[in-house]
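A short worksheet on the structure shown next.
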Amino acid sequence: MTDELRDNLTKLYGPLLPSRELWKIFGYASPAAYRQARARKSLPIEEFEIEGRRGYFALTYNVASWLAAQGCQQAQTLPEEDHETSADSK
């Protein structure tokens with residue numbers, strides 16, 4: 001799952017994701033909510049700045065890994081009947 005997510009995100013954004021995209025990917029309601037999470041140091045991944053460029057960035061690989069981990073956690077917490085339903089829909 002991580003490889004597929006990484007490939008898809010890399011095709012869309014390249015190896016670096018700017019924070020102007022990250023807030024949407026992580027499901028924050030707005031850029032302001034994302035900035036608030038950054039100020040509180042509660043972002044799910046590490047961001048960094050690049051000299052000579054504006055804003056913050058994250059590695060696409062790290063974002064894909066985090067998203068895949070969230071998907072795996074969700075799958076593990078689904079009741080058994082939901083596992084069967086989601087497997088049947090594939």
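Identified under the salt bridge (Lys or Arg N to Asp or Glu O under 4.0 Å) test for residues 31-46, with sequence neighbours left out: Arg38-Glu47. Evaluation of the salt bridge (Lys or Arg N to Asp or Glu O under 4.0 Å) test over residues 55-69, restricted to residues two or more places apart or in two chains, returns none. Counting only residues at least two apart or in different chains, side-chain hydrogen bond (donor to acceptor under 3.5 Å, both in side chains) contacts with residues 54-63 are absent.
Listed here is the closest heavy atom pair of Phe48 and Leu16: CZ-CD2, 3.5 Å.
If you chain together hydrophobic residues whose side chains sit under 4.5 Å apart, Leu59 and Phe57 fall into the same group.
Residues Phe26 and Leu43 are not in side-chain contact: their nearest non-hydrogen atoms beyond the backbone lie 4.5 Å or more apart.
Applying the ring pair (Phe, Tyr, Trp, His ring centres under 6.0 Å) criterion to Trp23, with sequence neighbours excluded, gives no partner residue. Applying the ring pair (Phe, Tyr, Trp, His ring centres under 6.0 Å) rule to Tyr34 yields the partners Tyr28; only residues at least two apart in sequence or on another chain are considered.
One finds the OG atom of Ser65 at 11.5 Å from the CD atom of Gln70 (value rounded to the nearest 0.5 Å).
Side-chain atoms of Ser30 come within 3.5 Å of backbone atoms of Ala33 as a donor-acceptor pair (strictly under, hydrogens ignored).
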Listing, residues 4-14 side-chain donor-acceptor contacts under 3.5 Å, not counting sequence neighbours, or none:
unit_1: Arg6; atom_1: NH1; unit_2: Asp3; atom_2: OD1; d: 3.1
unit_1: Asn8; atom_1: ND2; unit_2: Glu4; atom_2: O; d: 3.3
unit_1: Thr10; atom_1: OG1; unit_2: Arg6; atom_2: O; d: 2.7

